[in-house]
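What follows is one structure encoded as structure tokens, with my remarks underneath.
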Amino acid sequence: MNNLGTNLQEQIHKLTDELNRTSKLAKIFEDFIDSSYDPIFITDKNGYGFKMNKAYTRVTGATKEQLMGKHMNDLKEQGIISDSISMHVLEKKERLTMVQKVNGKELLVTGNPIFDENGEILYVVTNLRDISTLNQLKIELKQTKALADQYLQELEFYQKKDHIISHDGIVANSDKMLKVIDLVQKIAPVLSTVLLLGESGVGKEIIANLIQKLSSRANQPFIKVNCAAIPKDLLESELFGYEKGAFTGADSRGRAGLFEQADKGTIFLDEIGEMPLHLQVKLLRVIQELEVRRIGGGQSKKIDIRIISATNKDLESMVVRGEFRQDLYYRLNVVPIKIPSLRERKEDIPVLAFYFLKKLNQKYNLNKQLSDAAITQMKTYSWPGNIREMQNLIERLVVTVESEMLDSHHFSFNHQYLSQSLTTEKTLKEVVQDLERTMIMEAMVQYRSTRKAAKSLGISQSTLVKKMQRLGFQQTDYVLHQ
């Protein structure tokens, strides 16, 4: 009896020791699982949640109360998980990897079956990797690569197009502007009458300079006349000249007009749409007869001139309204050249910005730079004042911003845009559209997401996307998360 009792006690001690060792071992294994940085989830052979570590909750937000003891199919129906790797492993009895979502977070999951001695699955151990950061890095890498490609193209442009850039600051990388320059190179030598069309600030005078420099009259007089800048009561005497005593205050020796001064050369009539109707008749005679008569003079003088004119107005509509002579319009419109606005040639915005910045750095002995975000914001702004507005804005920032880097927050366009819109000849619809474009641009630059940008603007995401499409936004300008 004593021996039996002794043996029983020894067995109890052994079992107790074994139980303690097993408990300690289980605690060690549990600590191993919890110490893993990557999420681990274990299901039993029937597909019920059995064990999960702290990292799983940290990454997915799902708690033990939500998952432990719950069947994977039930969790899928509840929308907590998009699919169950564990159920696929139990079905195919092999290691599997897939992408699934837990609480809306995208994860790369690998399920590993644990078999017993009979080859039956006891558990499925799942390892998870958060790939949302990886996806974001991929997006940023793609964006950086696109930006690098763009800068490479711009660098190649500077290397290959030096002959264009050297012509009074003409910078062109867009197909539209390169076509304009190609047309200028074709018509410059033949001395045809040219009509330059385009909004204020697009560079009509610069194109006129290029025509003159590429023509056979490059070394002859080039007279520039701004028809809007000269008072209407003086415009006639300025253009056609006058004989001595022609009117009170006239020079006693008389004076040659600008047409005479341009003899054998070229005259550039800027803002031709501002010329009064009574002077349009005299201009028409100059073009038709190639002769000019001074005020108070009795004889006409033959002249040899080429005429380049420019306007930001719709001359055809003015002809219909009786504000511009139809015969003069046809005489001036021999070779019309439409210069695109800056918002129509967005490819030129970076090269123009860097061109102006380089000139200003040299002028003021500075080393200012433009950030990628600043270039992105500039590309999506509507630029109602076109190239002139950009040049003035960059110069203002160069001399007023203390930091060397000009960033996106330095380019605050709203106040500037509103003040300019009120002084331009735009319809209410055009002003509203430009303001809408500017507000959307600023929201997209800030949030890089149509969903977040739409929320900040107080509209739905679908409405924002439609507006962006209507306003001609380039999706490549942003990282868009639809």
Side-chain angles (χ1 to χ4, degrees), residues 143-174 176-178 180-181 198-207 209-210 339-417 419-420 438 441-442 444-446 474 476-478:
Q143 185 184 22
T144 302
K145 186 179 182 300
L147 196 62
D149 289 343
Q150 173 190 312
Y151 288 162
L152 246 134
Q153 291 175 1
E154 290 162 8
L155 180 61
E156 289 176 359
F157 163 72
Y158 274 108
Q159 292 171 340
K160 296 178 181 179
K161 300 293 183 179
D162 285 342
H163 63 288
I164 295 176
I165 294 173
S166 63
H167 288 304
D168 292 329
I170 294 179
V171 178
N173 194 30
S174 64
K176 288 184 177 180
M177 199 60 195
L178 290 176
V180 168
I181 295 172
E199 297 178 6
S200 177
V202 295
K204 296 187 288 293
E205 183 175 347
I206 293 176
I207 294 297
N209 291 337
L210 180 57
I339 305 172
S341 64
L342 196 50
R343 63 181 171 275
E344 295 176 290
R345 42 183 287 213
K346 291 186 177 181
E347 303 94 322
D348 292 338
I349 290 176
V351 285
L352 278 166
F354 290 125
Y355 174 77
F356 291 137
L357 186 63
K358 181 180 179 181
K359 287 186 65 178
L360 291 166
N361 277 332
Q362 293 172 345
K363 179 180 178 181
Y364 297 115
N365 194 27
L366 297 171
N367 188 32
K368 300 288 184 177
Q369 300 177 51
L370 284 166
S371 70
D372 295 345
I375 292 295
T376 297
Q377 188 162 357
M378 292 176 75
K379 286 181 69 177
T380 50
Y381 177 53
S382 61
W383 296 106
N386 291 292
I387 298 173
R388 186 184 298 125
E389 179 186 1
M390 176 192 282
Q391 186 173 7
N392 292 341
L393 175 60
I394 291 179
E395 180 163 9
R396 182 165 69 251
L397 293 179
V398 163
V399 299
T400 59
V401 174
E402 292 185 2
S403 63
E404 283 197 353
M405 183 64 71
L406 303 181
D407 211 341
S408 58
H409 67 274
H410 294 124
F411 290 79
S412 180
F413 291 118
N414 272 344
H415 174 73
Q416 176 189 2
Y417 164 72
S419 63
Q420 287 181 347
T438 301
M441 172 273 296
E442 290 188 348
M444 286 302 303
V445 167
Q446 181 176 356
Q474 299 281 339
T476 53
D477 290 337
Y478 305 99

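When side chains are defined from C-beta on, Lys368 does not count as touching Ser403, because their heavy atoms never get closer than 4.5 Å. Taking 4.5 Å as the limit, some side-chain heavy atom of Leu370 sits within range of a side-chain heavy atom of Leu357. When side chains are defined from C-beta on, Met378 does not count as touching Leu352, because their heavy atoms never get closer than 4.5 Å. Contact of the Pro340 side chain with the Val202 side chain is not registered, since no non-hydrogen atoms from C-beta on lie closer than 4.5 Å. No side-chain heavy atom of Glu347 sits less than 4.5 Å from a side-chain heavy atom of Lys379. At least one side-chain heavy atom of Ile375 sits less than 4.5 Å from a side-chain heavy atom of Phe354. Residues Val398 and Phe356 fail the side-chain proximity criterion, which asks for heavy atoms closer than 4.5 Å.
Smallest separation of non-hydrogen atoms from Ser408 and Ser371: N-OG, 3.9 Å. In terms of heavy atoms, Ala172 sits closest to Ile181 at CB-CD1, 3.5 Å. Considering all non-hydrogen atoms of both residues, Gly198 and Lys204 come closest at O-NZ, 3.1 Å.
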Subject >> Candidate pair Leu366 and Glu404, rule side-chain contact (heavy atoms from CB on, under 4.5 Å), full reasoning >> reply: CA-CA 8 Å; Leu366 297 171; Glu404 283 197 353; over 6 Å; no
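With rounding to the nearest 0.5 Å, the separation of NE2 in His410 from CD1 in Ile394 is 13.5 Å. With rounding to the nearest 0.5 angstrom, the CG atom of Leu210 is 13.0 Å from the CD atom of Glu205. Between Asp372 atom CG and Gln369 atom CD the span is 11.0 Å, to the nearest 0.5 Å. Atoms CG and CD1, on Asp348 and Ile387 in that order, are 7.5 Å from each other to the nearest 0.5 Å. A distance of 12.5 Å separates CG of Leu360 from CG of Asn365, quoted to the nearest 0.5 Å. Rounding to the nearest 0.5 angstrom, the gap separating the CD1 atom in Ile349 from the CH2 atom in Trp383 is 7.0 Å.
Salt bridge Arg388/Glu199: absent, no basic N to carboxylate O contact under 4.0 Å.
In this structure, a donor-acceptor pair under 3.5 Å is absent between the side chains of Gln391 and Tyr355.
Proximity of a side-chain donor or acceptor of Gln377 to a complementary backbone N or O of Ala374 within less than 3.5 Å is not detected. Judged by distance alone, the side chain of Asn386 and the main-chain N or O of Leu342 form a donor-acceptor pair under 3.5 Å.
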